[in-house]
Amino acid sequence: DGDSPATDDGDTDDRATCDLPAAGAPVDARGFVEKHGKLRLDGVQLVDASGAPVQLLGMSSHGLHWFPDCYTFDAIEHLVKTWGTNVFRAAMYVGEGGYASDPSVKQKVKDIVAWTKQLGIYVVIDWHVLTPGDPNAATYDGAVDFWKEMATLYKDEDHVIYEIANEPNNVAWSRVREYHNEIISEIRKIDAESIIIAGTTTWSQDIHLAAEDPVAEPYNVMYAFHFYACSHGSLLQRVKDYRTKIPIFVSEWGTSSYSGDGGVCQCEAKEFLDVFSDKDGSGGGIKLSMAQWSWADKSESSAALAPGACRNGGDWDSLSESGAFLRAYVRDATRA
Ligand code: IDC
């Protein structure tokens with residue numbers, strides 16, 4: 001449409017075309033954790049209790065404090081039973097009205113951990129560092145106590161993964177690394193095994209900096225790589241270059257521009273997804289796990305649900321363009 005205003009990501013004429021997965025029949029992932037047990041790293045690859053590579057595919061919440069009605073047992077059960085998602089990420093903002101000002105949101109995290117256990121899928125607890133971007137900032141003073149509590153509660157669970165800083169930004173890796181070293185050390189005093197995801201700088205894009213200077217206790221630590229398909233095509237090469245060098249977990253990504261809005265770039269997204277599942281074999285079989293932003297009914301193009309879908313107990317099949325694409329992809333990828 002030549003009349004639409006020019007933006008960096010709004011020009012549909014420039015978008016790639018590709019083969020997209022067909023809508024596909026429902027897939028039920030219940031019991032996935034019973035099958036795979038406690039996860040660990042074998043080199044850079046996430047593997048299950050028997051040492052077989054495992055790829056987690058699923059959704060991230062939006063801010064738990066903003067869309068509580070989208071995060072119910074019923075909603076997650078729907079994702080597990082009909083999409084085949086085997087992981088759910090609970091994004092607990094700390095700033096922006098989140099945990100630092102309203103600690104009651106922690107209860108939602110605990111509920112989600114209990115529900116995912118009941119359903120038999122993995123869960124990522126996300127300490128959602130975003131604004132401010134330095135995880136050492138005063139906003140995040142509760143981090144040590146929070147992670148000690150999580151580690152104490154969940155050290156014996158098979159299905160819990162800790163993501164200790166979503167997206168550091170406007171801060172040097174050396175400072176972020178100091179934060180990670182402290183939190184990892186506190187967690188490891190209590191929980192020696194569970195997978196920890198460490199956020200990287202520039203909104204979790206700088207896996208190359210983490211590779212140069214890894215955390216002090218790297219055992220079962222993975223590094224976050226995040227991308228937004230309409231904005232970050234140039235980062236695909238970085239993933240290809242580093243997936244065999246350090247353990248990467250794509251703990252958040254969107255089909256939209258980096259703002260969370262501004263269109264849906266399915267084909268650009270699929271290029272990344274094909275690399276994560278090493279479709280062409282160029283990654284030596286390394287499979288990267290991912291959680292998608294976001295399971296929410298906000299009126300923005302990255303949201304998987306149509307506006308209003310979480311009202312009145314939830315109409316979970318009321319999907320956005322992005323959600324329909326995601327469901328088709330996840331069904332296709334998780335169908336046994
Ligand atoms: C965005 C939400 C948007 C919200 C904004 C500010 O989609 O509704 O207003 O946060 O809180 C990230 C962040 C994630 C962002 C997302 C899209 O981790 O919190 O969500 N994004 O901008 N990093 C890159 C993009």
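Indexing begins at 1, ligand by ligand and atom by atom, following the structure's order.
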Q.
Evaluate Trp203 for polar contact with ligand 1, using N/O atom pairs at a separation under 3.5 Å.
A. no

Q | Protein residue, atom and distance nearest to atom 10 (O) of ligand 1, heavy-atom basis | A | Tyr93 OH, 3.1 Å

Q: Do me a favour and list the nearest non-hydrogen protein atom to atom 3 (C) of ligand 1 with residue, atom name and distance?
A: Glu300 OE1, 3.4 Å

Q: Using a strict 4.0 Å cut-off to heavy atoms of Asn166, name the atoms of ligand 1 that fall inside it.
A: 18 (O)

Q | Greater than 12 external heavy atoms within 6.0 Å of Arg311's CZ | A | no

Q | Close side-chain approach of Asp278 to Asp280, heavy-atom, < 4.5 Å | A | yes

Q: Determine, using ring centers only, whether His62 and Phe67 are less than 6.0 Å apart.
A: yes

Q: With heavy atoms only and a cut-off of under 4.0 Å, state how Glu96 meets ligand 1: side chain, backbone, both or neither.
A: side chain

Q) Which atoms of ligand 1 have any heavy atom of Gly260 under 4.0 Å away? A) 17 (C), 22 (O)

Q: Could you list the atoms of ligand 1 found under 4.0 angstrom from a heavy atom of Trp66?
A: 11 (O)

Q. Where is the nearest protein heavy atom to atom 13 (C) of ligand 1: which residue, which atom, and how far?
A. Glu252 OE2, 3.3 Å

Q | Closest heavy-atom pair and its distance - Ile246, Ala210 | A | CD1-CB, 4.3 Å

Q. Which residue holds the protein heavy atom closest to atom 4 (C) of ligand 1, what is that atom called, and what is the gap in Å?
A. Lys298 NZ, 3.9 Å

Q: Check Phe325, Tyr329, Phe88, Trp295 against Trp83 for a ring-ring contact (aromatic ring centres under 6.0 Å, His included) and give me the one that passes.
A: Trp295

Q. Can you tell which part of Trp253 has a heavy atom less than 4.0 Å from ligand 1: side chain, backbone, both or neither?
A. neither

Q: Tell me which protein heavy atom sits closest to atom 20 (O) of ligand 1, plus the residue, atom name and distance to 0.1 Å.
A: Trp293 CZ2, 3.2 Å

Q) Among all protein non-hydrogen atoms, which one is nearest to atom 21 (N) of ligand 1, and what is the separation to 0.1 Å? A) Tyr228 OH, 3.3 Å

Q. For atom 17 (C) of ligand 1, which protein heavy atom lies nearest, and how many Å away is it?
A. Tyr258 O, 3.4 Å

Q: Measure Ser259 to ligand 1 on non-hydrogen atoms and call it side chain, backbone, both or neither using the 4.0 Å cut-off.
A: backbone

Q. Just heavy atoms, cut-off under 4.0 Å: does Asp261 contact ligand 1 by side chain, backbone, both, or neither?
A. neither

Q: Below 4.0 angstrom from a heavy atom of His128, which ligand 1 atoms are there? Numbered from 1 as shown, please.
A: 13 (C), 14 (C), 18 (O), 19 (O)

(Q) Does the Lys NZ or Arg CZ of Lys35 fall within the cation-pi geometry relative to Phe32 - under 6.0 Å from the ring centre and within 45° of the axis? (A) no

**Q.** Nearest neighbour in protein (non-hydrogen) for atom 23 (N) of ligand 1
**A.** Glu167 OE1, 2.5 Å

Q) Taking atom CG of Asn312 as the centre, does the number of heavy atoms from other residues, nucleotides or ligands within less than 6.0 Å exceed 12? A) no

Please tabulate, for side-chain N and O atoms in residues 141-153, each donor-acceptor pair with protein atoms closer than 3.5 Å (sequence neighbours left out).
unit_1, atom_1, unit_2, atom_2, d
Glu149, OE1, Lys106, NZ, 2.7
Glu149, OE2, Lys110, NZ, 2.8
Thr152, OG1, Lys148, O, 2.7

Q: For residues Asp261 and Ser301, determine if any side-chain heavy atom of one lies less than 4.5 Å from a side-chain heavy atom of the other.
A: yes

Q) Centroid-to-centroid, Tyr228 to Trp293, below 6.0 Å? A) no

Q. Between the main-chain N or O of Val47 and the side-chain N or O of Arg40, is there a donor-acceptor pair closer than 3.5 Å?
A. no

